[in-house]
Asker: 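Structure in structure tokens, see below.
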Amino acid sequence: MTEIFGKPLPVIMGQLLIGLINGSFYALLSLGLAVIFGLLNIINFTHGAQYMMGAFAAYFLLNKLGLNYWWAFAIAPLIVGATGVVIERLMLSRLYKLDHLYGLLLTFGIALIIQGAFRHEFGSAGLPYSIPEELSGGNNLGFMFLPKYRAWVIVASLGVCIATWFIIERTRLGAYLRAATENPAMVQSFGINVPRMITLTYGFGVALAGLAGVMAAPIYQVNPLMGADTIIVVFAVVVIGGMGSIMGAVVTGFGLGVIEGLTKVFYPEASNTVIFVIMAIVLMFRPQGLFGSR
Amino acid sequence: MADQYKPHASRDDAAEARYDRRAFLVMMALFLVAPAVVYPVFVMKALCFALFACAFNLLLGFGGLLSFGHSMFLGMAGYASAHAAKVWGLPPEFAILAGAAAATLLGVPTGLLAIRRQGIYFAMITLALAQMVFFFCLQVPFTGGEDGIQSVPRGHFVGFLDLRNMTVLYYVVLAIFTAGFLLIYRIIHSPFGQVLKAIRENEPRATSLGYRTEHYKLAAFVLSAGLAGLAGATKAIVFQLASLTDVHWTMSGEVVLMTLLGGMGTIFGPVVGAFAIITMENYLAELGSWFTITQGAIFVVCVLAFRRGLIGELEAWLRRRRAG
């Protein structure tokens with residue numbers, strides 16, 4: 001059997017794949033955080049809870065309405081995004097004139113409420129969600145076994161990330177968005193409804209979290225606390241990448257997922273902490289983040 | 001106590017100092033008689049958290065730095081003091097000092113990293129560093145993993161105060177709290193504290209006046225870490241237990257909530273907030289997820305409608321009354 005540094009190749013490839021999967025979620029989640037931060041200047045602490053809501057939405061669409069994974073893929077992000085719009089309109093919009101830390105505290109509180117409510121309803125045990133039929137099974141690539149669903153997650157996540165990049169960097173709507181990030185008052189004076197844009201941006205960022213939740217549902221179990229620890233890792237990812245660029249968020253997300261996966265092979269004790277260690281090192285040498293600008 | 005540092009203390013400052021002194025006396029009177037009325041272990045728990053929240057408030061309320069990782073200082077100090085008392089067999093006063101020292105030492109590298117960014121990033125970095133410490137505590141053998149360090153001996157404080165006696169233990173804990181509280185009051189009202197407030201209000205201005213703001217922020221961070229450690233170490237001796245609960249991020253959230261509810265940047269707010277949250281926890285703990293929901297709801301209400309907190313609102317009302 002082929003070995004690299006004394007580890008069998010299929011083991012390395014297997015962890016690399018898991019790393020890419022985790023990286024897909026890191027990328028989607030940090031992308032949503034970056035989009036929201038760009039315009040609203042707040043860090044959305046509710047992001048982990050909204051990721052969890054996406055998974056639950058998929059679960060309910062399947063079990064209550066009989067709508068399969070593909071419907072959930074389209075509808076669940078809209079549902080989660082809609083709850084985000086309500087949160088923004090009712091609460092976040094009152095805080096824009098205050099210190100940004102209040103936005104962090106508010107979204108932290110909302111996350112506690114949502115996670116507490118789901119835990120109260122569904123307990124801490126996970127609910128199963130099966131892989132859609134079309135994507136079950138896998139292919140033997142010779143050096144490793146590649147489950148179809150996992151390949152789909154990586155491709156879909158990359159696709160969504162690139163589409164988001166395209167919308168923001170290459171379309172008229174994206175141009176408005178970037179302009180409003182630079183100078184909201186000026187954009188408003190050109191007759192663009194900036195408050196509505198802010199609301200929709202928050203909804204969009206949250207919908208990305210919901211979409212990540214749908215994709216995660218068949219891989220991890222649907223669990224009220226599935227986003228609670230993930231969001232802390234995603235914060236570290238965001239600090240490492242810096243929130244300046246869309247591509248930066250995507251590259252950092254996938255890259256760190258892979259590094260985490262490889263750490264599991266070569267030094268499993270550190271696999272939980274490696275991302276935080278990298279954060280510490282990046283802070284020492286490039287405090288603005290790899291892709292950030294001062 | 002407060003007027004000696006300012007040569008031109010205005011009448012308003014004198015009034016504030018008088019108010020602080022009166023409030024302090026009322027607080028101490030309440031704490032001295034409390035064990036006659038309330039279960040002493042409950043008050044001791046609240047006192048430890050009150051000191052923890054005061055230490056946190058030193059950083060947030062007076063330095064303007066929101067740390068979302070203060071659980072690492074509470075928890076690590078707890079482990080260090082429990083280890084010192086149980087494995088090394090140190091007397092409780094040295095065990096507590098060992099805990100506070102451990103938290104102070106942990107505060108130096110984490111503080112150096114965290115102050116490299118400001119605002120929201122500062123909060124995210126401290127949260128991530130605390131999560132790293134959490135996983136560290138989960139894996140290294142000396143913390144006892146999921147079990148924690150149990151049945152930590154209380155021993156004799158400074159040789160002759162037997163801490164197995166509940167009354168003695170209570171007054172020792174009260175003395176530690178009071179010492180920590182007064183130290184924080186002293187720091188806030190020292191020239192150092194004034195510079196810290198200046199940095200909170202306008203950092204570029206403070207820099208332009210010649211202050212090395214990083215040094216002040218780091219000093220505030222380390223002081224806050226050490227005092228949070230003092231609280232955690234005392235808590236470990238009182239409950240004879242150091243566990244993962246104290247290092248978990250939920251604990252960081254709880255101390256933010258205590259400070260927010262009581263009043264950020266007020267002297268007595270964190271104490272009131274800590275007692276309010278611990279009382280609530282006492283009644284809601286069995287309901288598990290309801291406690292989390294209530295905590296979240298208090299966060300939301302405080303941020304949307306009640307940003308000055310209980311003591312902040314009270315002080316604002318007193319000030320209005322004095323003026324009008």
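In what follows, every chain begins at residue 1, and chains take the letters A, B, ... in the order their sequences are listed.
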Asker: Indicate the atoms forming the closest heavy-atom contact of A:Gly116 with B:Ser289, along with that distance.
Answerer: O-CB, 3.4 Å
Asker: Has B:Arg116 got a side-chain atom pairing as donor or acceptor with A:Leu283's backbone, closer than 3.5 angstrom?
Answerer: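 Yes, B:Arg116 side chain to A:Leu283 backbone: donor-acceptor pair under 3.5 Å.
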Asker: With a 4.5 angstrom heavy-atom cut-off, which part of A:Met279 approaches chain B: side chain, backbone, both or neither?
Answerer: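 Interface part for A:Met279: side chain.
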Asker: Quick one: of A:Ile42, A:Thr107, A:Thr273, A:Leu106, who has the most non-hydrogen atom pairs under 4.5 Å with chain B?
Answerer: A:Leu106
Asker: Quick check: are there more than 12 heavy atoms from other residues, nucleotides or ligands sitting under 6.0 Å from CZ of B:Arg205?
Answerer: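 No, the 6.0 Å shell around CZ holds no more than 12 heavy atoms from other groups.
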Asker: In residues 52-64 of chain B, which residues are in contact with chain A at a heavy-atom separation under 4.5 Å?
Answerer: B:Gly64
Asker: May I ask you to list the residues in residues 296-310 of chain B that approach chain A closer than 4.5 angstrom, counting heavy atoms only, ordered by number?
Answerer: B:Gly296, B:Ala297, B:Phe299, B:Val300, B:Val303, B:Leu304, B:Arg307
Asker: Got a sec: does the OH of B:Tyr211 have more than 12 other heavy atoms crowding it under 6.0 Å?
Answerer: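 No, OH of B:Tyr211 has 12 or fewer neighbouring heavy atoms, counting only those of other groups under 6.0 Å.
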Asker: Do any of residues 130-140 of chain B have a heavy atom less than 4.5 Å from a heavy atom of chain A, and if so, which, in residue order?
Answerer: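 Counting heavy atoms that sit under 4.5 Å from chain A, the residues of residues 130-140 of chain B involved are B:Gln131, B:Met132, B:Phe135, B:Gln139.
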Asker: Where does A:Leu98 contact chain B at under 4.5 Å (heavy atoms): side chain, backbone, both or neither?
Answerer: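 It is the side chain, since no backbone atom gets that close.
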Asker: If you tally heavy-atom pairs under 4.5 Å against chain A, which of B:Leu66, B:Val256, B:Leu260, B:Leu127 wins?
Answerer: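 When all of B:Leu66, B:Val256, B:Leu260, B:Leu127 are compared, B:Leu127 has the most.
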Asker: Quick check, are the ring centers of A:Phe45 and B:Phe68 under 6.0 angstrom apart?
Answerer: yes
Asker: Under a 4.5 Å cutoff for heavy-atom pairs, which residue among A:Asp99, A:Ile114, A:Leu95, A:Ile232 has the most contacts with chain B?
Answerer: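 Most heavy-atom pairs within the cutoff with chain B belong to A:Ile232.
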Asker: Where does A:Val233 contact chain B at under 4.5 Å (heavy atoms): side chain, backbone, both or neither?
Answerer: neither
Asker: Could you tell me whether B:Tyr283 atom OH has more than 12 heavy atoms of other residues or ligands within 6.0 Å of it?
Answerer: no
Asker: For the candidates A:Phe118, A:Phe37, A:Phe276, which exhibits the highest count of non-hydrogen atom pairs separated by less than 4.5 Å from chain B?
Answerer: A:Phe276
Asker: Non-hydrogen atoms of chain B under 4.5 Å away: do they reach the side chain of A:Leu104, the backbone, both or neither?
Answerer: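 A:Leu104 touches chain B through side-chain heavy atoms alone.
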Asker: Is any side-chain heavy atom of B:Thr292 closer than 4.5 Å to one of A:Gln115?
Answerer: no
Asker: Can you tell me which of A:Ile275, A:Asp229, A:Ile110 forms the most heavy-atom pairs within a distance under 4.5 Å of chain B?
Answerer: A:Asp229
Asker: For A:Ile43, is it the side chain, the backbone, both or neither that has a heavy atom under 4.5 Å from a heavy atom of chain B?
Answerer: both
Asker: Between A:Asn41 and chain B, with a heavy-atom cut-off of 4.5 Å, which part of the residue counts as in contact: side chain, backbone, both or neither?
Answerer: backbone
Asker: Relative to chain A, which of B:Leu257, B:Ile293, B:Leu129 shows the most heavy atom pairs under 4.5 Å?
Answerer: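 Going by pairs under 4.5 Å, I would pick B:Ile293.
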Asker: Return yes when atom CZ of A:Arg178 has more than 12 non-hydrogen atoms of other residues, nucleotides or ligands closer than 6.0 Å, and no otherwise.
Answerer: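 Above 12, so yes.
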Asker: Could you list which of residues 262-279 of chain B have a heavy atom closer than 4.5 Å to any heavy atom of chain A, in residue-number order?
Answerer: B:Met264
Asker: Between A:Phe108 and chain B, with a heavy-atom cut-off of 4.5 Å, which part of the residue counts as in contact: side chain, backbone, both or neither?
Answerer: side chain
